[in-house]
Amino acid sequence: IGTTARGLADPVACHQTVESEAAALVEAVQMQDPDGPYHLFGYGYGAVLAFAMAHPLRDTGSRVRYLALTGSRAPSLNGKTDDWMRSLSRAFSRSGKRQLLSDPQAGSVEISHAKALREFRTRPLSGPCCVIMGTSMARDHEAAWRACAPEAVINRLNCNPDQMLTRPTVKILAEILRECANTSFN
């Protein structure tokens, strides 16, 4: 199943924490497929959500066969809302949600997500994971992902994170994701 952040149409409906949104998504996924295995992919804020979803799934013995994270800093580095605000603003401007960008209200989805990210604390995740980063992200971001997901395979694309879903980079991203999927299914 594919999901969209709750609150895009009504920012007041946003989850207030990464953990609460991840728990709601785990519940939704398990309603569709109670037994798994699960294949999780997240981009940007969604990467942090997929990472947070993998914890309770793996903790309860559910198989997360495929976990791919891209376009995001490791959760341990979250805290600089200015970077997240720019990233979220670019994503929303591409999706036609420009009215949210100019709305400085504390209830906007960008501000809710930035606050949730700033407060999110995690622990290392066991099991395989694929992280795809832009080359513009510093090496300390790679080290942070290795601390959060010690078994992660880290790939770098020659782009900024906000360019990952544009051509021609998205084709390279698709190849990496395909390779990660093929490896995880064996």
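Positions are given from 1, in the same order as the sequence printed here.
The closest side-chain heavy-atom distance from Ser72 to Pro161 is not below 4.5 Å. For the pair Glu21 and Tyr45, the minimum side-chain heavy-atom distance is below 4.5 Å.
The environment of CD in Glu179 is sparse: at most 12 heavy-atom neighbours from other residues, nucleotides or ligands sit within 6.0 Å.
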Do any side-chain atoms of residues 169-177 form donor-acceptor pairs under 3.5 angstrom with protein atoms, and if so which ones, sequence neighbours left out?
none

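Leu157 and Phe41 fall within the same hydrophobic cluster, where Ile, Leu, Val, Met, Phe, Trp and Tyr residues are linked whenever their side-chain heavy atoms come under 4.5 Å apart, directly or through other members.
Between Pro150 and Leu125, the closest heavy-atom pair is CD-O, 3.4 Å.
Every residue two or more places apart in sequence or in another chain that forms a side-chain contact (heavy atoms from CB on, under 4.5 Å) with Ala138 is listed here: Asp140, His141. With sequence neighbours excluded, no residue forms a salt bridge (Lys or Arg N to Asp or Glu O under 4.0 Å) with Arg58. Under the side-chain contact (heavy atoms from CB on, under 4.5 Å) criterion, Ala152 pairs with Cys129, Val131, Ala149, Ile154, not counting sequence neighbours. Annotation: ring-ring contact (aromatic ring centres under 6.0 Å, His included) contacts of His55 (sequence neighbours excluded): Phe51. Considering only residues two or more places apart in sequence or on other chains, Ala24 meets the side-chain contact (heavy atoms from CB on, under 4.5 Å) condition with His15. Contacts of Gln16 classified as side-chain hydrogen bond (donor to acceptor under 3.5 Å, both in side chains), with partners at least two apart in sequence or in another chain: none.
Among residue pairs with one or both ends in residues 25-38, none qualify as side chain to side chain donor-acceptor pair (under 3.5 Å); sequence neighbours excluded. Annotation: salt bridge (Lys or Arg N to Asp or Glu O under 4.0 Å) contacts involving residues 122-134, sequence neighbours excluded, comprise Asp59-Arg123. Legend: salt bridge (Lys or Arg N to Asp or Glu O under 4.0 Å) pairs involving residues 145-158, not counting sequence neighbours, sorted by first then second residue: Glu142-Arg146, Glu142-Arg156.
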